[in-house]
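A quick write-up on the structure given underneath.
Numbering of residues begins at 1 and proceeds along the displayed sequence.
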Amino acid sequence: DGGADGGADGGADGGADGDGGGSASLWAFPLPRTASEQQVASAILSVFVALFVLIPFSFVPAAFIVPPVREREDGAHELQLVSGASAVALWLAHWTFDALAYALVEGATLGVFCAFGRAEFTGSARNFAGTAALFAAFGLAAIPLAALLSRGFRSHSAAQLGIVAIFFATGFTLVVVDFVLAAIASTARVNRVVLQVGIYPLFPAYCLGHGLFRMSIRGVLAQLAPALAPGSGGAGPGARAPSPAAVTPCAFAGGSSSS
């Protein structure tokens, strides 16, 4: 036993300490993405940015209708009118405060876009102005609409939850429904001719998401022109990028919704 143990220990130590052992190392370096692949990936990310921005902006109009509903709930609105305050002055005061508060929200949103380098939204003066105008138009349409809808609520908490649900359903949900209907051949025409023209534009939240999506794909359309233009066989000297209005998210998966 002693001899066996000594031989085993000696052999193991010798093999471990000796120079007979070998090692192997492997390095993997994937090929860098082409400019076209980088633009496609950025465009797909921008689509998700445009979608998920609609979620917090569903809460923005709901925050502005709490004070007027609470005033009606507590009787403060009637007390102010009885005391001689003008109804026009009261509503102008509410809307002036709402406009200033929304301007801070819009400025913070644009600042986040700039901080994270979203060039499709704030990369140039033209993109920045377009994004700012889009958010400003949403505020001008959404806040009065929320005030109008709040007339149907008696409780400020119910009004806030109800407005959030309405703007989420007509924003995030409606944009997703638009994408799905545009991807189905049997519903694409009805969605494009009827719903996108006469139904969807009635809702400010949908218009915000739709506008952000169109802005997110403007920068990539030039390089994707051969893939997005039906019947084009490749990029040529005179190749023209399709209009953003003719492009759906399905195009990034390999073709346009009309193909």
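Between Tyr102 and Leu140, every side-chain heavy-atom pair lies at or beyond the 4.5 Å cut-off. A 4.5 Å side-chain heavy-atom check between Phe153 and Ile163 finds at least one atom pair inside the cut-off. Residues Leu145 and Pro204 meet the side-chain proximity criterion, which asks for heavy atoms closer than 4.5 Å. At a threshold of 4.5 Å between non-hydrogen side-chain atoms, the residues Thr170 and Tyr206 do not count as touching. Annotation: side chain of Val175 is in contact with side chain of Leu54 (closest heavy-atom distance under 4.5 Å).
The shortest non-hydrogen separation linking Leu110 to Phe128 is CD1-CZ, 3.9 Å. Nearest heavy atoms, Ser157 versus Ser155: OG-OG, 3.0 Å. Ile65 approaches Ala62 most closely through the heavy-atom pair CG1-O, 3.2 Å. Among all heavy-atom pairs drawn from Glu71 and Glu78, the shortest one is O-OE1, 4.3 Å. Residues Phe64 and Pro67 share a closest heavy-atom pair of O-CD, 3.7 Å. Taking every heavy atom of both residues into account, Ala205 and Gly171 meet most closely at CB-CA, 3.4 Å.
Under the 6.0 Å cut-off for aromatic ring centres, Phe213 and Phe179 qualify, their centroids lying closer than that. Between Phe135 and Phe57, the ring center distance clears the sub-6.0 Å criterion.
At least one donor-acceptor pair under 3.5 Å links the side chain of Thr131 to the backbone N or O of Phe121. Side chain of Ser86 to main chain of Val88: a donor-acceptor pair is present (N/O by atom type, distance under 3.5 Å, no hydrogens or angles).
Distance check, rounded to the nearest 0.5 Å: CZ of Phe172 to CD1 of Ile55 gives 4.5 Å. From Leu104, atom CG reaches atom OG1 of Thr109 across 10.5 Å, with rounding to the nearest 0.5 Å. In this structure, CZ on Phe113 lies 7.5 Å from OG1 on Thr122, to the nearest 0.5 angstrom. Atom CG of Leu202 and atom CG of Leu195 lie 11.0 Å apart (nearest 0.5 Å). In this structure, CG in Leu161 is found 11.0 Å from CD1 in Ile166, a value given to the nearest 0.5 Å. Residue Leu212 holds its CG atom at 10.0 Å from CD of Glu120, rounded to the nearest 0.5 Å.
If you chain together hydrophobic residues whose side chains sit under 4.5 Å apart, Trp95 and Val105 never meet in one group. When hydrophobic clusters are built by joining Ile, Leu, Val, Met, Phe, Trp and Tyr residues whose side-chain heavy atoms come closer than 4.5 Å, directly or via intermediates, Val180 is grouped together with Phe168. Val177 is connected to Phe203 through a chain of hydrophobic side-chain contacts under 4.5 Å among Ile, Leu, Val, Met, Phe, Trp and Tyr, so both are in one cluster. Side-chain heavy atoms closer than 4.5 Å link hydrophobic residues (I, L, V, M, F, W, Y) into clusters, and following such links, even through other members, never connects Ile143 to Leu92.
A donor atom on one side chain and an acceptor atom on the other are found under 3.5 Å apart for Gln196 and Asp178.
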Hey, mind stepping through His156 and Arg72 against side chain to side chain contact (heavy atoms under 4.5 Å, CB included) and telling me if it holds? CA-CA 9 Å; His156 68 277; Arg72 292 200 308 270; over 6 Å; no

Please evaluate residues Ile184 and Asn191 with respect to the criterion side chain to side chain contact (heavy atoms under 4.5 Å, CB included), reporting the C-alpha separation (whole Å), side-chain torsions for both, the decisive distance (0.1 Å), and the verdict. CA-CA 10 Å; Ile184 303 175; Asn191 183 70; over 6 Å; no

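In this pair, Trp91 and His94 present their aromatic rings tilted. The plane angle is within the 30 to 60° band. Under the 30°/60° scheme for interplanar angles, the aromatic rings of Phe138 and Phe167 are found to stand perpendicular.
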